[in-house]
Amino acid sequence: QVQLVESGGGLVQPGGSLRLSCAASGTTFRFNAMGWYRQAPGKQRELVATLTSGGSINYADSVKGRFTISGDNGKNTVYLQMNSLKPEDTAVYYCNADSWWPKIRAYWGQGTQVTVSS
């Protein structure tokens, strides 16, 4: 019943920027955390950044200093500002949301492609 809708992916040159957005449709649900993961061909899905309702933020070492996660808890929306993009950032980016009410469950978006290339 919860759907995550992602937007903002696309093609960008190295050094460029993109801003990803993710909105959860279930307005009656409450989430303890939302974040972003990514998966490149031949690699495991990995954490990019997470933001908890308490304001705690975690970043993967590979994106620290370049990416910034932010959110609007009231709107169940999370953003990922990606700067100084590198070809290694090329992947499908997935939005994640962990609910605590009315049930404890993890939800995933369908993914949005980010390609960093000259």
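For the numbers below, each heavy atom of this structure counts, side chains included, while hydrogens, waters and symmetry mates do not.
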field: Residues in salt bridge (charged side-chain N to carboxylate O under 4.0 Å, His left out) contact with K103, at least two apart in sequence or another chain
entry: none

What is the distance from atom [atom1] of [X] to atom [atom2] of [Y], rounded to the nearest 0.5 Å?
X: S99; Y: M34; atom1: OG; atom2: CE; result: 11.0 Å
X: D98; Y: T52; atom1: CG; atom2: OG1; result: 10.5 Å
X: I69; Y: C22; atom1: CD1; atom2: SG; result: 9.5 Å
X: I57; Y: T50; atom1: CD1; atom2: OG1; result: 8.5 Å
X: S25; Y: Y107; atom1: OG; atom2: OH; result: 9.5 Å

Which atom of [X] lies closest to which atom of [Y], heavy atoms considered:
X: L85; Y: R66; result: CA-NH1, 3.9 Å
X: N96; Y: A106; result: ND2-CB, 4.1 Å
X: G71; Y: L51; result: N-CD2, 3.5 Å
X: N83; Y: S17; result: OD1-OG, 2.9 Å

- prompt: Does E6 reach the main-chain N or O of C95 with its side chain, forming a donor-acceptor pair under 3.5 Å?
  reply: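 Answer holds: yes.
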
- request: For side-chain contact (heavy atoms from CB on, under 4.5 Å), just list the numbers for R45 and W108, CA-CA rounded to whole Å, side-chain angles, deciding distance to a tenth of an Å, and then say yes or no.
  value: CA-CA 12 Å; R45 184 174 298 189; W108 295 89; 3.3 Å; yes

Please tell me whether [X] and [Y] are part of a single hydrophobic cluster in this structure, the criterion being side-chain heavy atoms less than 4.5 Å apart.
X: F29; Y: L4; answer: yes
X: Y94; Y: F67; answer: no
X: Y79; Y: V92; answer: no

- prompt: How is the hydrophobic cluster of W100 composed, in terms of its other members, when Ile, Leu, Val, Met, Phe, Trp and Tyr link through side-chain heavy atoms under 4.5 Å apart, directly or indirectly?
  reply: W101

query: With T115, which residues qualify under side chain to side chain donor-acceptor pair (under 3.5 Å), at least two apart?
result: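 So T115 forms a side chain to side chain donor-acceptor pair (under 3.5 Å) with Q113.
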
- prompt: Only one of T90, L18, L11 clears side-chain contact (heavy atoms from CB on, under 4.5 Å) with V114; which?
  reply: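 In the set T90, L18, L11, the residue that makes a side-chain contact (heavy atoms from CB on, under 4.5 Å) with V114 is L18.
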
message: Show every salt bridge (charged side-chain N to carboxylate O under 4.0 Å, His left out) that has at least one partner inside residues 49-58, sequence neighbours left out.
response: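 Of all non-adjacent pairs touching residues 49-58, none passes salt bridge (charged side-chain N to carboxylate O under 4.0 Å, His left out).
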
Side-chain touch T68/Y59, heavy atoms, less than 4.5 angstrom: yes

query: Please, which pairs that meet disulfide bond (SG atoms under 2.5 Å apart) have at least one residue in residues 30-91, sequence neighbours excluded?
result: none

Which atom pairs, one a donor and one an acceptor, fall under 3.5 Å between side chains of residues 36-43 and the rest of the protein, sequence neighbours left out?
from	atom 1	to	atom 2	distance (Å)
R38	NE	E46	OE2	2.8
R38	NH1	D89	OD1	3.0
R38	NH1	Y93	OH	2.9
R38	NH2	E46	OE2	3.3
R38	NH2	S62	OG	3.3
Q39	NE2	K43	O	3.2

query: Is it true that the side chains of S53 and N32 contain a donor and an acceptor less than 3.5 Å apart?
result: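 Judged by distance alone, the side chains do not pair up.
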
